[in-house]
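Before any comments, here is the structure.
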Amino acid sequence: MPIYLDNNATTRVDPAVVAAMLPYFTEQFGNASSSHAFGATVAGGVKAARKSLQALLGTAFDHEIVFTSGGTEADNTALLSALATQEGRTEIVTTAVEHPAVLSLADHLEATRGIIVHRIGVDGRGRLDLDAYARALGPRTALASVMWANNETGTLFPVAELAAMAHAAGALFHTDAVQAVGKVPIDLKFTEIDILSLSGHKLHGPKGIGALYVRKGTPFRPLIWGGPQERRRRGGTENVPGIIGLGAAAALALEKLPEELTRVRALRDRLEEGIRQQAAPCLVLGDGDNRLPNTANIAFEHLEGEAMLHNLNKAGIAASLGSACASGSMEPSHVLRAMQVPASALRGAIRFSFSRDNTVDDVDRVLQVLPEITAKLRATVPA
Ligand SMILES: *Cc1c(COP(=O)(O)O)cnc(C)c1O
């Protein structure tokens, strides 16, 4: 059985999620907007899915969830909505380590619309430069957008504090929580976060479905214009099976969160400890304990990540190079460059990302083959 340790790229759809979705491809095929019985049952299912997301996020009010086609659309909507609704504010404050769903849109807005983008840097552990963040916020800031957890290193950002700082400057605050939802507790009631993005396929739900949380009263402009779906916040007939799947995935994520924080974390820690002992020299990247419980990003000194992945893959182990989006290109990841990872380790970073599907046997299998791979590859590089 191949071992899958690339859960930050995507997760296996939970069989219970598939089971929940199936009727919505067959008997429950109605359009949620139709006023007849076919529509009503489907609308009921969609409503229940919304409730289960609300429970996972700890939101206070109904109607704060807008379904989207995924995390990327959610992020795009958040940035463009804020710029459209924040009169006279033409700047965005974000970080140098966001997902391309935020960063490439920010680049595009800067190049084509004269939007000023402040990309706040991080230190060697991936922690945001809070002074630079505070200095960048001002009367021209439309939105501050900072991810809850970094997809490459798992480093967690102090989003509640960052949201309060953005509000003090009169700006909106958005967080890309795609990697955080289901892996760490989230209770939006106790934060000032205005807009949050999440994605189904990162939490054992289907691909092509995601959601935005938009706090009640937050000014909003749709990205997709069309019919009156989603209270006119996102046009287009709902992806009903996807929404049902996301709802089921959210309910499971809430139930399994304690396991994520204990058993999954212990697997990750066992791997890191084993690698430190058997495959050094290496660096565990990210902010110590202030990380997602499932993510290990380990930079192996003087090794090529590509070669390691190739050898791991041959041994039936799937991991990834820094980020799924950066792999394929030979450029070292923008996140590790922002962290100023030493040149000797920059190309040798491998991300192992766990989920509740993994077992101790998976970890022990990796620890059985990885030291041989690193020893073999190190023997071929000149000292
Ligand atoms: C995967 C991911 C996205 C994109 O979500 P999709 O649903 O794949 O579009 C955005 N942000 C982060 C942090 C991610 O990990």
Side-chain angles (χ1 to χ4, degrees), residues 8-11 49-50 52-54 56-59 63-85 92-95 97-106 108-109 142-152 154-160 162-163 166 171-188 191-216 218-224 230 233-234 239 242-243 245-247 249-250 253 292 323-325:
N8 287 11
T10 197
T11 54
R50 227 182 278 283
S52 97
L53 274 180
Q54 281 178 251
L56 180 61
L57 298 176
T59 66
H63 314 307
E64 293 183 321
I65 302 293
V66 180
F67 291 111
T68 66
S69 68
T72 301
E73 183 189 318
D75 286 344
N76 273 250
T77 306
L79 267 63
L80 293 168
S81 173
L83 286 169
T85 57
I92 291 174
V93 177
T94 185
T95 79
V97 298
E98 296 299 306
H99 189 274
V102 168
L103 278 186
S104 70
L105 175 60
H108 173 70
L109 293 170
L143 177 81
S145 176
V146 179
M147 64 202 328
W148 196 304
N150 184 267
N151 45 304
E152 296 192 29
T155 299
L156 295 163
F157 290 100
V159 283
L162 299 174
L172 293 174
F173 185 82
H174 163 249
T175 184
D176 174 340
V178 169
Q179 290 293 343
V181 174
K183 295 175 191 157
V184 292
I186 289 184
D187 203 339
L188 291 177
T191 78
E192 297 184 24
I193 292 166
D194 299 299
I195 316 177
L196 173 147
S197 306
L198 61 88
S199 171
H201 75 101
K202 303 286 174 72
L203 61 145
H204 301 277
K207 296 171 181 61
I209 187 73
L212 264 184
Y213 156 83
V214 184
R215 182 179 297 276
K216 191 178 172 190
T218 303
F220 186 80
R221 181 78 51 90
L223 175 67
I224 310 283
E230 298 298 284
R233 290 172 297 182
R234 205 277 187 178
N239 170 5
I243 290 170
L246 178 53
L292 290 175
S323 154
C325 303

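Nothing here was measured: the structure is a model prediction, and the numbers come from that model.
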Which heavy-atom pair separates [X] from [Y] by the least distance, and what is that distance?
X	Y	result
A166	A144	CB-CB, 4.0 Å
S81	F220	OG-CA, 3.4 Å
P206	G245	CD-C, 3.8 Å
A149	Q179	O-CB, 3.9 Å
L57	I65	CD1-CD1, 3.9 Å
A250	L53	CB-CD2, 3.7 Å

key: Partner of L223 by side chain to side chain contact (heavy atoms under 4.5 Å, CB included), out of T68, L212, L80, V66   = L80
Could you state the interatomic distance from [atom1] ([X]) to [atom2] ([Y]), rounded to the nearest 0.5 Å?
X	Y	atom1	atom2	answer
L172	D194	CG	CG	5.0 Å
I243	R50	CD1	CZ	6.5 Å
I195	D176	CD1	CG	12.5 Å
L105	T72	CG	OG1	10.5 Å
T218	F173	OG1	CZ	12.5 Å
L79	E98	CG	CD	9.0 Å

task = Might you work through the side chain to side chain contact (heavy atoms under 4.5 Å, CB included) test for L292 and L156, ending with a clear yes or no?
result = CA-CA 7 Å; L292 290 175; L156 295 163; 3.9 Å; yes
Look at the side chain of [X] and the backbone N and O of [Y], then say whether any donor-acceptor pair between them is shorter than 3.5 Å.
X	Y	result
T94	S145	yes
K202	L198	no
R215	I193	yes
T191	L188	yes
E64	Y213	no
T155	N150	no

request  = For the pair I186 and L56, evaluate side chain to side chain contact (heavy atoms under 4.5 Å, CB included) and give the outcome as yes or no after the intermediate values.
outcome  = CA-CA 7 Å; I186 289 184; L56 180 61; over 6 Å; no
query = With a 3.5 Å cut-off and no angle check, do the side chains of D75 and S197 form a donor-acceptor pair?
reply = yes
ask   = Heavy atoms, side chains only, cut-off 4.5 Å: are L196 and W148 in contact?
value = yes
task = May I have the step-by-step check of side chain to side chain contact (heavy atoms under 4.5 Å, CB included) for H99 and V178, ending in yes or no?
result = CA-CA 10 Å; H99 189 274; V178 169; over 6 Å; no
task = Would you sort out whether F67 and R234 count as a side chain to side chain contact (heavy atoms under 4.5 Å, CB included), showing the intermediate values?
result = CA-CA 8 Å; F67 291 111; R234 205 277 187 178; over 6 Å; no
